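In what follows, a single structure is set out as structure tokens and then discussed.
Per chain, numbering begins at 1; letters A, B, ... match sequence-line order. Small disclaimer: the values here were computed from a predicted structure and weren't measured.
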Amino acid sequence: MLPKAYDPKGTEDRIYVLWEESGAFMADAQSKKEPFVISMPPPNATGQLHLGHAVMLALEDIFIRFARMQGKEALWLPGTDHAAIATESVVIKKIQKEEKIKDPRAHYGREKLVQKIAEFVEQSRATIRSQVRKMGASCDWSRERYTLDASLNRCVNEVFKKMYEEDPKLIYRGFRVVNWDTALQTTISDDEIEHEEHEAVLYTFEYLSSRQTGGEPLYVATSRPETKLGDVAIAVHPSDERYQHLVGKKFPVRWPGGRTISITVIADSVVDPSFGTGAVGVTPFHSKIDEALWNRHKSIDSTEPIQVITENGKIFHTIEGYGGMTVPECREAFVEGLRKEGRLLKEEKYMQPLSISYRSKKPVEELPKLQWFIDVNKEAIVWRGGKKKMSLKQIMQEVIRSHDISIIPGRFEKTYFQWIDHLQDWCISRQIWWGHRVPAWYCKKCNKIFQATDATARGVSLKHPVPDYVGIPELKKCQNCGEKNDLEQDSDTLDTWFSSGLWTWSTLIDPALAEDTSLSLQDLLKKSPDFQKFLPTSVMETGYDILFFWVARMILMTTYATGQIPFKHVYLHGLVRTRDGKKMSKSDPSTCIDPLEIIPKYGADALRLSMIVGQSPGNDFRLYEEKIAGYRNFINKLWNASRFVLMQCEKAEISPKAIPAEFSTPNSQLSTPDRALLSSLQRLVENVTEGLKAYRLSEVGEQLYSFVWDFFCNGYLELSKGEVDVSVRLKALRTIVHLLHPYCPFVTEELWSQIAPEGAGLLIKEPWPVVEEDRIDLVPEKKFELLINVISAIQSLRMEYGVPSKTKIPAIVHVAESDSFLLAYSQHFLRLANIDHLEVVPKAPAHKHGMVSMFLKGADVHLSLEGVVDLAKVKQNLEVERAQLEKFLSGVRAKLSNEQFMERAKPEVVETEKQKLADGEAKLAKIEERLRALA
RNA sequence: GGGUGGUUAGCUCAGUUGGUUGAGAGCGUCUGGUUUACACCCAGAAGGUCACAGGUUCGACUCCUGUACCACCCACCA
């Protein structure tokens, strides 16, 4: 006998082992079945499983189990991400704290530090694996991948090389202003910047004196006066009359501290004449905007921009008066100098958008640096046999526009397009050590400094070597001098999203084949069975917060490298929030719900349901313990319903195993409740199947919940007590656990082991239920519903008039059509509604003193409560009911007397309105008659 | 500055092609229950002018426009 309450703790791990050992998770690349594929978004290799992962795992497991049961070749490929900057900074902090080493990079050196990080990652990957299992994720562990696997690294190198060798080049090395994280000492991409409103001071000061301008002095407003030490120009709006006479002129400007710069006044329409003084200093090396502005105008002047701020956030030692100061120190000293010289006009507070690093949460400096970039605008690629070459940006737009890839919910397509519109070349090199090292080698022997980069042209001393070899390490050899031993690899690593962008297909490369460096990338793809069978993947499911970071990058990298889309559908889930609607933050553990604490307490099944039902894609949702407890209760309800059916089997001395899967008893031999059950079950199968196909997970979950609890347990099973034939309810239960299996796999698998027919395998491998059309019959369903409604009406009347629950009373039910059905179930009435006598009559009974009634559709229920009932209350209730009904009827009448409604509304709508009127009037007549009798 | 989403019962949220019983669920509240599957339960009840204002329509929670508040995303006003 099963225990009274379901015990997830004692069940889940055991079931998971059964699944895993059964091979049910493993996909077969040789299969002829239609593939259904999900690449699991790889959790960071550092972390713990959190609720974001839990949502992702729950959703994807539902998709994959449904597909598997539907007979598709289901592959869910798991893995982990090396998470470059995130991991390196975690480990560095750890070393600083635990080993008291101030600068672990300097202390250990590259090789040793990378090794230490790798060791750390290896441990936490094991943790992640076990945590993913806890959620019940049915992924194919035999195909587990890691972004730093050799075969994935090969793909990274191959794609880098391919892009570099494209004509025109899609990967290039350039000296440009980039985002510099001074805390982490690395560049970051545009997407890794957060914009925050920040209170700042806007300083307005005299830039050109009245002597220089020949009139009013020229003032400039800025929040970063220290950068003015590196200005090369003053920009004004072309139609700004205040400055027309100065445009094109060149002036020397001497700053406090001794530095003199030379600036030219230029006119450009990006300048907003209404902000500040309408004149803005142009600092090409500390602002991307200024850099672009200066590039448009630099032909008029040969002044070279200079770098004022170093990588450490200090002022360059060559800057007169401020060398070595920090930025805030310099700002203060510079402003003080201006003040002393009487050049400071005003200081105002204002809200300034500040760039913060997504990684370190520290302000980002814009600095000029020599970095690697992916060019998103060069038209270099032929997409799908098109005639015109397209840019990466254009392909990214095209695949969404053509709906080769669809995004759920659809509104994110607009967001995606807007992001692409603003997309600029992607800086992919990082000055950290953990990750895929840039696959470019410089020959020490023939290394030359190449000509005319932008930087050298500006007189900045920079080594700007062009790599002698780009590609995969095994083949590295200088293409110029043929030297093999004297090659030095670029010291930078690649942005973590570069490799993540390849995830959907680099994971499908055959690792053994990837070792053969004689194969080209093309051959590798062609010869890898998984790649051939499983790309494109079916659905990419992830949080909307990484639409740009990851989803967009996968589209970019995959379309380019393979000529295919990475996935057909993108399903974006919302973010989990606290009860108060706040973000759960790692820094404040009290706000977090930890799935690893929830699972032992409530079970993974309950957690899964609580994150799926009631949520819609793309919208955030709140999760709190009571919600999870509610679904734990549901799981337990299902458990007990099954236990009950099993007990009935036992009583009937029938083993469930002996009842075959096929159920062939014709409808005509079944009772009305059994027919009603089978009929509504078919409609449930249909709704669930269609709903899951359309990714309407919440709606389907609700339907299953309501069917099990309301219809099956509270309706059907309650009524079935004492009925001997268990075969129909067992069949129904079997279907129910099939339908629920994707949502709550553990409890359903456990129940299946009890209720399955002899010889059945695991539920995970069972075929999905099909709709049995011949079982659909609405007549029994209607009858059954009436029965439930009548019982409910009796109970309602009893409560309303305060009949004690133990007091048995007689009931008369007046049914419109004479049918022995209700009478046949009289003993259940007696039990469920506490009735001592039931009379079913074809004619309305005469009113008796103390009679209370409820008029239902299809039946009227009368109780004789002589001596119990308060007549005044009966009368009052009837009057309230009459008033409501009259109000309703007047609305219906108004509709029906509206000519336009009669003309234009659909006939069936008119018909239902007429029916409403007829039913309502009949009911009204009954109420009035009763009121007359009471008068 | 541009964009997106939200505003439905005390709380958390569903509501997919505008009319199929006069607006739904869970939790909470109230009333009554040791009905031998389940108190992680059963029965019943109260509670909403579907943010506001217009418009389209015979008919709008559902479509359109505008307003307010909240949240989020993007952004070259230094």
Which of these nucleotides, B/rA14, B/rG26, B/rC13, is closest to any side-chain atom of A/Ser616?
-> B/rA14

Separation between the C1' atoms of B/rC50 and B/rA9, rounded to whole Å | 10 Å

Do A/Glu690 and A/Lys693 pass the salt bridge (Lys or Arg N to Asp or Glu O under 4.0 Å) test, and can you show the C-alpha distance, the side-chain angles, and the key distance before you say yes or no?
-> CA-CA 5 Å; A/Glu690 292 310 308; A/Lys693 277 185 191 165; 3.8 Å; yes

Roughly how far apart are A/Lys923 NZ and A/Asp860 CG, rounded to 0.5 Å?
-> 9.0 Å

Tell me which nucleotide among B/rU4, B/rC40, B/rG32 gets nearest to the side chain of A/Met799.
-> B/rG32

With the side chain of A/Asn619 defined as its heavy atoms from C-beta on, choose the nearest nucleotide among B/rA43, B/rA14, B/rC40.
-> B/rA14

Quote, to the nearest angstrom, the C1' distance that separates B/rG10 from B/rU29.
-> 8 Å

Taking the same atom, C1', in B/rC69 and in B/rC27, what whole-Å distance lies between them?
-> 26 Å

Determine, for A/Tyr219 and A/Lys346, whether the Lys NZ or Arg CZ falls below 6.0 Å from the six-membered ring centre while staying within 45 degrees of the axis.
-> no

Does any residue of residues 634-645 of chain A have a heavy atom under 4.0 Å from RNA chain B, and if so, which ones, in number order?
-> A/Asn636, A/Lys637, A/Asn640, A/Ala641, A/Arg643, A/Phe644

A/Ser796 vs B/rA45: side-chain N/O to OP1/OP2 distance below 4.0 Å | yes

Per atom distances to the A/Glu718 side chain, the nearest of B/rC38, B/rC42, B/rG44 is B/rC38

For A/Glu366, enumerate each residue passing the salt bridge (charged side-chain N to carboxylate O under 4.0 Å, His left out) test, keeping only those at least two apart in sequence or located in another chain.
-> none

Considering all heavy atoms, the nearest A/Pro225-A/Arg331 contact | CG-CG, 3.7 Å

For B/rU67 versus B/rU21, give the span between their P atoms, rounded off to a whole number of Å.
-> 37 Å

Which nucleotide in the set B/rG3, B/rC42, B/rU12 lies at the smallest distance from any side-chain heavy atom of A/Lys414?
-> B/rG3

Would you say A/Arg696 reaches B/rU16's phosphate, i.e. side-chain N/O to OP1/OP2 under 4.0 Å?
-> no

Treat primed atoms plus P, OP1 and OP2 as sugar-phosphate and everything else as base, then score nucleotides 69-78 of chain B 5' to 3': B for base contact with protein heavy atoms under 4.0 Å, S for sugar-phosphate contact only, - for none.
-> ----SSSBBB

In whole Å, what separates the P atom of B/rG15 from that of B/rA25?
-> 15 Å

Whole-Å C1' distance, B/rG33 and B/rG24 | 27 Å

After noting the C-alpha distance and the side-chain angles of A/Gln915 and A/Thr912, does the key distance pass the side-chain hydrogen bond (donor to acceptor under 3.5 Å, both in side chains) rule?
-> CA-CA 5 Å; A/Gln915 194 58 48; A/Thr912 54; over 6 Å; no

If the C1' atom of B/rU16 is compared with that of B/rU12, how far apart are they to the nearest Å?
-> 22 Å

Set of ring-ring contact (aromatic ring centres under 6.0 Å, His included) partners for A/Trp426, sequence neighbours left out | none

Fill in the dot-bracket string of RNA chain B, one character per base: . for unpaired, | for a pair to another strand, ( ) or [ ] for pairs within the strand, taking Watson-Crick or G-U pairs under 3.5 Å.
-> (((((((..((((.....[....)))).(((((.......))))).....(((((..]....))))))))))))....

List for me each residue that meets ring-ring contact (aromatic ring centres under 6.0 Å, His included) alongside A/Tyr544, sequence neighbours excluded, and say none if there are none.
-> A/Phe412

In whole Å, what separates the P atom of B/rU17 from that of B/rC30?
-> 38 Å

Looking at the side chain of A/Lys806, which of B/rG19, B/rU34, B/rU21 is the nearest nucleotide?
-> B/rU34

Checking salt bridge (Lys or Arg N to Asp or Glu O under 4.0 Å) for the pair A/Lys583/A/Asp545: CA distance, chi angles, key distance, verdict?
-> CA-CA 13 Å; A/Lys583 266 190 182 170; A/Asp545 54 331; over 6 Å; no

Side-chain contact check for A/Lys906: nearest option of B/rG44, B/rA39, B/rG19 is B/rG19

In Å, rounded to the nearest 0.5 Å, how long is the span from CZ of A/Phe707 to CG of A/Asn687?
-> 10.5 Å

